[in-house]
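Numbered from 1 within each chain, the chains take letters A, B, ... in sequence-line order.
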Amino acid sequence: MLRVVDLLSGFKYDQFVVESWVKGFWARNRVYDLVKAKSSTLHRKFYFLDGPPYASAKSIHVGTAWNKVIKDIVLRYYRMSGYNVWDKPGYDTHGLPIEVKIEQSLGLQVKKDIYEKVGVESFIMQCKAFVDENMKAMSEQFKELGVFMDWGDAYVTYKNDYIEAGWWLIKKAHEKGLLYRGYRVLHWCPRCETTLADYEVSEYRELEDPSIYVKFPVRGRPGEYLLIWTTTPWTLPANVFIMAHPDFNYVKVKVKGETLIMAKARLKAVMEEAGVGDYEVVGELKGVDLEGLEYDHPLEDLVDAQKNLIGYHKVVLASEGVVEYEGTGLVHSAPGHGVIDYDVGLRLGFPVVSLVDDSGRMSEDAGAYKGLYFRTEANKAIMEDLERKGVLFHKSTVVHRYPVCWRCKTPLALRATNQWFIGVTKLKDELIREAENIDWRPEWAKTRFMNMLQELRDWVISRQRFWGIPLPIWTCRVCGYTHVVGSVKELEEMGGYRPGDLHRPWIDKVTLKCPKCGGVMERVPDVLDVWFDSGVSFYASLGYPMRRDLYESLEPADFIVEGHDQIRGWFFSLLRSGVIGFGKTPYRRVLVHGFALDEQGREMHKSLGNYVEFEELISRVPRDVFRFWVSSNTTWEDLKFSWKALDYTFRDFTVIWNTFVFASTYMGLDGFDPEVVTLESVRGYLEVEDKWMLSRVNNLVKKYSEAMGDLRVHDASRALRSFILDDVSRFYVRLVRRRVWEEADTPSKRAAYVTLYYVLKTWLSLAAPIIPFTTEYLYQHLFKPAEKNAPESVHLLDMPSADESFIDERLERDMDIARSVIDAALAARAAAGLKLRRPVRRVIVAAKDPEVLEAFSRLSEVIGEMVNAKSVEVKGLEFLEELRVYTVKPRMGEVGRDFKKLTPLIVELMESKAGEIARSITSKGYYEAQVEGATVRLEPRHVEIEVEYPSWLSARESELATVAVDTQISPEEEAEGYAKEVVRRVQHMRKEAKLMIDDRIEVWITGDEGIVKAVEAFEDYVKGETRAVKINYEEPPSTVYSKEWDIEDKVITIGLRKV
RNA sequence: GGGCCCGUAGCUCAGCUUGGUGGAGCGCCCGGCUGAUAACCGGGAGGUCGGGGGUUCGAAUCCCCCCGGGCCCA
C-alpha cells in the first residue's frame, strides 16, 4: 500500500534549491527525451516554427527570454494535450551587424581592409566562430529557463544545407519570372564603401551645407528661367528633370530684366532671402501648365553625362517631394541621387545617372568634375562654374540634420546602385489572399499586416558584403548570359564543383560553363539580404528540397509567435517566401507579443543604464518566478520590466508552496492513500465546501483550456494564480483546517483529503507548462510516491479535462454571496473589537431576496466556521428593521428655505417621529405630515438619517444583505475564550520547544483564578487541541519548560514537557 | 506625415467586443492570527477611467478631435 509521505515540510523552502534539484532530476532521468518520445507517438501533428533569434551576442535580452518562455508554455501545453509537437529551435546567423562586430574586434576601418588585411577566408571563419560561440551560450540560457526544445538539433542559417535550400527559392523566383536586376537609391558610406540598410541610417548630425538658388534657362525663350533650390550642388551634374506640383500656383517674376518661374507661395520668402526688393509679377499659371516645359542644363558643356540627357530636360508633374514651405516649388531632380527623384523618373521611363563612385568622388562621366570629393571639392567647383555662367541667383548656407554613418560618422551620400530584385509586387493579390487565411492573435495584428501589404514594394535581395548566403547567380564573361543555380547538384552539372563550404570566398572560385556560348561564367559577388534567410526557415529547417517527406508531412506551421516588430519582419518574409516558393502561406496561426521595456516604458539600452543582463536576472529571480510573471502579462502588450513586480510574484510562490506543505503534512501524518480513498469512495461524505471546491477546480480546467486553446496564455496564467491563492489557500484551506486537525479517521476528514489531493494535482497539471520546475518538484515529492502507476515526470501527465458532473454553478454563486457576507461579518466583528479567536453567540444574516436567503441557509455552517460563530440565523429584513433605532437630523439650509417659519416645528417633528420619518423616506422616498393645518412633505434632501443598532449588535450592510453580530458573551463563552487563549500559548510553547506536531505532552498551569477555572471547565477541549495527556493545576516543576503569560492583564504560568 | 497599439487608485494591471451605480494585486494606515509561520488573515483610506466634443435616459465602454508613450513605415 502506498500513501502520502510528508516529504515537503521537512524541507526548508528555497525556490532556488527547488529549481536546481529539478534541473538535476531532468538531466539524470533524461526527462526531455521521455517527453519527446511520448509526444512522437501521437498522431495529431503540431508544427511549431521557431523564429530564429539573431546570434550576435552571448547574452540574451529579457525580451528574448520572454519570447522563448511563451513558446515553451504553448509547446508544453500541446504536448500534454495529445499532440505530436515539432519543436526544433533555430538561429539567425548571417548579416552585416555580425560582420561589423568582427571588423571592430579586428580593428578594421574600411571594407577593403577585409580583402587586404585579413582576407575574406579568415574573415568568414571568424564570423562563423563568433556565431558558434554565441549560439552555444544562448542555448544554455534558454535551457536555464527550462525551455524544452530540441537543443541538440537546432537549425542554423549558415549551414550548407540551409544555404542550398535558400538557393532553391531564388531559382523558383527566377522560374516565375520575378528575378530582375535594377537600380535602387540607397544611403552609401563613402568611407566604409558600403550601402547602409534603411534601419542602419539612424544617426544624424547638424551639418552646414550650401543653400543655392539656380536658374535653369527655358529652352528657346532667352531671358526666361526656371528657378530651383538645392543644398547638394554635387547632384546638379546628374540632373535629369525638374518637378512641379500640379496643384500649386506659379508666377513669372521680372527681376533685373530676366523672367523667373517659381511657386507663388515662395515668392516673398525667396526674394527676401536673396535681398531682392525690386521685382514684378508679370504672369500667373498653374503647375499643370508647366508640364513638358523644356530647359537647357547650365552645366551641359562641362559634364559628359549631360550630353545623353538633352531630350529629358523638362518639367514633370509630381505631388510627392514638392512642397510650399521651402525651396521654390520647382525641384531639381537627379534620379541617381534621390529616392523620390528615382521613383518619379522610373514612372516616366527616364534614365538614372549616378556620378559619384564608391569612394565619394565624382566619376568619369562627370567630366570637368571628375575625381572631386562630392560634398567638398565638387560643391565648390560647381558653385564657381554656376556663378561664372551667371545662373547662380543666390548663394548662402544652411545648417540641417544630415545622415552620417553610424560606424565612422562620415556624412552619407544617396546613390543609385545596381541591385537584384524579386518582383513581389506582381504577387500582391496572392499575398493578400493568403494573408486572409492566417489566424491572427490579436485581431489588430492582421489589420497592421494588411495595411503593410497595400504598400508593398519589390524586394532588394542583394548586398555587397561577405557573411551571407551567396547569391546563386552566374554570368558569362563572354556573352553576358545569366544563369540561376538552384542546388549544389545543378552547380556540378553546369561544370562546377561543390566547395566544402558554400560561403564566400570559396564559392566565388567556382566557375561554370556557359550553356549559350561555352564561355566561363563567374558568380555575381553579392550575398543575400539577411531577411531572406529567416524567411525560408519554414521549409529550409526541415531539409527541403533535398528531402521532401518531413516538410510535406508537417506543413503548414500550426503556430508561430514573435514580437510585434516582426509583423513587417519575419511574419512578412515568411509569407513572401511561401508565396514565391509554394503559392501559399507557410503558417496558419500567429501570436504577437510585446516588447520588454524598462520600468518607465522606455527601451532597454546598455547606454541608458537600464539594461537588464540575463545573468543578473537569473541570479536574482528564480526561473519559475520569472516565467509566472511574464506569462501573466497580456501577451501582445509591452512588458514593463520590474524587479519589484518579480518580488511580489516571488511572494506568491511562498503561499503556493505552503498550500502544498499543508496538504503534505496532514496527509502524511494520517498516511492518506489516494488509491484506496478515492473521490468515488467519499462522494457521499463531501461537505458543501468540498463540493464547491470541486466545482471551482473543474471550472478552472474549462477556463484554462479555453484560454490556452485560444492562445490567451496570460488569461490561463492569471486564472491559475487567483485559483490557488484565493480559492484554495485563502478560502478552502482555512475552512477545512479544523476538519483536518481532527485526530480520528472520520469520513469528513477523508473527504477533505481527497478533495485537496484532487484539486492540487489538477492544478499542478495545468500549471506544469508555465512553472515546470516547481510543479515537477511538488509532483516528485507529493504525488508520485503516492501512486503506483504515476508517470516519471509531471510533464508526462495528460492535460486534465473538466468533469462536468462536479460543476455546480448555483453553489458557486451561493458561495460568492456567502463570502461577501463573511467579509461583512468580519468587518462587523472588527468594529466591535471582537477578536476572531473569540467565538460569538450568533450571527444574524438578513436579506430580502429569497434566493439569497436560500444560499445563506445552505451555507450557514461555512459562514459560522469562517466568522467563528456558534450559530448563524438567517432572517428576513424585517427582523433587523425592528431592532433599528433611527436618528433624523434636519439639514437646516434646505428645511429653512422650504418651510420658512414652520421650521422649528419641523425640527421638533424630526426628533419625535424619527423612526417613522426615516422608514417612510427610505422606503417611499418621502414623508408627509400635517403641521399647523398644512401638509408638509419631507424629502431625502431635508434630512440626514443615521441608523443605529442596539449596543449588543454590531451590524454591517453588504451588497445583498445586512449582517449583525451578536456581541453578548455569557460567562461560559468567556471561559471558552480564555481556554482558547491558553491553547494558543501552549501551541506557541510547543513550537518553541521544537516538539513534533504529533508529540504528546503534559501541561502545568497556575495563576489567575478565572483563567485556571476556564481551563478546568474546558479541559477536554484544551487537551485535544494541544495533544496533552494530562493537565496539572499547580506550579510547574523547575525541570520543565515554563513561561509566564499576560492574558488581558491577568497573569498565568504555563509549563509543559514531552511525554 | 501615415498605419497599428497603449494611456483606468501611489505602482502594475483587469474591465471595453455585447453601454446600466468603477475592480484586483502590491504599497500605505489600522487591527488580528501564531498547529502552512523569514508566513498568513481582516478592515480602511485612495480614482476628473489622458483631455475635449458627440451619440444616448445612461459612456471607462460606441463615434470624432487633441495630448502623451510604443512598434513599424515615410
| Over how many whole Å does the gap from A:Ile822 atom CD1 to B:G42 atom C1' extend? | 12 Å
| said: Any carboxylate oxygen within less than 4.0 angstrom of a Lys/Arg side-chain nitrogen, looking at A:Asp715 and A:Lys703? | reply: no
| Whole-Å gap separating P (B:A39) and CG (A:Leu8) | 18 Å
| query | Would you say a side-chain N or O of A:Asn658 is under 4.0 Å from OP1 or OP2 of B:U37? | reply | yes
| Minimum-distance nucleotide to A:Lys640 side chain [options: B:C4, B:U12, B:A36] | B:U12
| A:Phe595 side chain, from C-beta outward: closest of B:C71, B:A39, B:A14 | B:C71
| query | Do A:His593 and A:Thr635 come close enough that some side-chain heavy atom pair is under 4.5 Å? | reply | yes
| message | In this structure, how many angstroms lie between the P atom of B:A36 and the CG atom of A:Leu760, rounded? | response | 15 Å
| request: Check the pair A:Thr1026, A:Arg985 against side-chain hydrogen bond (donor to acceptor under 3.5 Å, both in side chains), reporting the backbone distance first and the verdict last. | output: CA-CA 10 Å; A:Thr1026 62; A:Arg985 285 161 176 81; over 6 Å; no
| note | Separation of B:U12 atom C1' from A:Glu637 atom CD, nearest Å, is 12 Å
| field | Closest nucleotide among B:A36, B:C26, B:C13 to the A:Tyr648 side chain | value | B:C26
| query | Atom CG of A:Asp565 to atom C1' of B:C5: distance rounded to whole Å? | reply | 13 Å
| query | Under the 3.5 Å rule, do the base of B:A14 and the side chain of A:Thr634 count as making a donor-acceptor pair? | reply | no
| said: Could you tell me how far B:C26 sits from B:U21 if I compare only their C1' atoms? Round to whole Å. | reply: 27 Å
| query | Using purine N1 to pyrimidine N3 plus N6-O4 or O6-N4 for Watson-Crick, or N1-O2 and O6-N3 for G-U wobble, each under 3.5 Å, what pairs with B:C4? | reply | B:G70
| remark: For A:Thr775, the side chain to side chain donor-acceptor pair (under 3.5 Å) test, sequence neighbours excluded, returns none
| query | Mapping A:Asp715 and A:His564 to their closest nucleotides on RNA chain B, which lands nearer the 5' end? | reply | A:Asp715
| message | Classify A:Arg721 by what it touches in the nucleic acid, base, sugar-phosphate, or nothing, heavy-atom distance under 4.0 Å. | response | sugar-phosphate
| When we call it a touch if two heavy atoms are under 4.0 Å apart, what does A:Lys446 touch: a base, just sugar-phosphate, or nothing? | nothing
| remark: A:Trp444 has its side chain closest, among B:C13, B:U37, B:C5, to B:C5
| field | Residues that A:Trp636 engages under side chain to side chain donor-acceptor pair (under 3.5 Å), provided they are two or more places apart | value | none
| field | 5'-most by nearest nucleotide on RNA chain B - A:Trp657 or A:Asn451 | value | A:Asn451
| task | Give a yes or no on whether the ring-centroid distance for A:Phe660 and A:Tyr777 is below 6.0 angstrom. | result | no
| request: Please state how far atom NE2 in A:His781 lies from atom P in B:A36, giving the value in whole angstrom units. | output: 21 Å
| field | Nearest to side-chain heavy atoms of A:Arg737, which nucleotide of B:A14, B:C71, B:A36 | value | B:A36
| Side chain of A:Arg448 - closest among B:U12, B:C4, B:C26 | B:C4
| message | My understanding is that only one of A:Val561, A:Asp439, A:Ile560 makes a side chain to side chain contact (heavy atoms under 4.5 Å, CB included) with A:Leu591; could you say which? | response | A:Val561
| request: Return the value, rounded to whole Å, for the distance between atom CZ of A:Phe11 and atom P of B:U37. | output: 13 Å
| task | Sticking with atom C1', work out how far B:C41 lies from B:G70, rounded to a whole angstrom. | result | 41 Å
| task | Quote, to the nearest angstrom, the P distance that separates B:C63 from B:G27. | result | 38 Å
| From the list B:C13, B:C4, B:G70, which nucleotide is the closest neighbour of the side chain of A:Arg718? | B:C13
| task | With C1' as the reference atom in both, quote the distance from B:C67 to B:G51 in angstrom, rounded to an integer. | result | 7 Å
| task | Look at the side chain of A:Arg730 against the base of B:C41 and say whether a donor-acceptor pair falls under 3.5 Å; ignore hydrogens and angles. | result | no
| request: Using a 4.0 Å heavy-atom cut-off across all strands, classify A:Glu455 as base, sugar-phosphate, or nothing. | output: sugar-phosphate
| Which value, in whole Å, describes the distance between the P atoms of nucleotides B:C49 and B:G32? | 38 Å
| field | Value in whole Å for how far the C1' atom of B:C11 lies from CH2 of A:Trp629 | value | 13 Å
| Using the C1' atom in both, what is the distance from B:C62 to B:A36, to the nearest Å? | 49 Å
| task | Please work out if A:Thr447 contacts a base, only the sugar-phosphate, or nothing of the nucleic acid, heavy-atom cut-off 4.0 Å. | result | sugar-phosphate
| field | Derivation and outcome, side-chain hydrogen bond (donor to acceptor under 3.5 Å, both in side chains), residues A:Asp529 and A:Trp459 | value | CA-CA 9 Å; A:Asp529 169 18; A:Trp459 179 19; 3.2 Å; yes
| message | I'd like the C1' distance from B:C11 over to B:C16, given in whole Å. | response | 22 Å
| Minimum-distance nucleotide (side-chain atoms of A:Ser729 versus B:A36, B:C13, B:A38) | B:A36
| query | Looking across every strand, which nucleic acid part, if any, lies under 4.0 Å from A:Arg651 by heavy atom: base, sugar-phosphate, or nothing? | reply | sugar-phosphate
| request: Write down the distance separating the P atoms in B:G47 and B:G1, rounded off to the nearest Å. | output: 37 Å
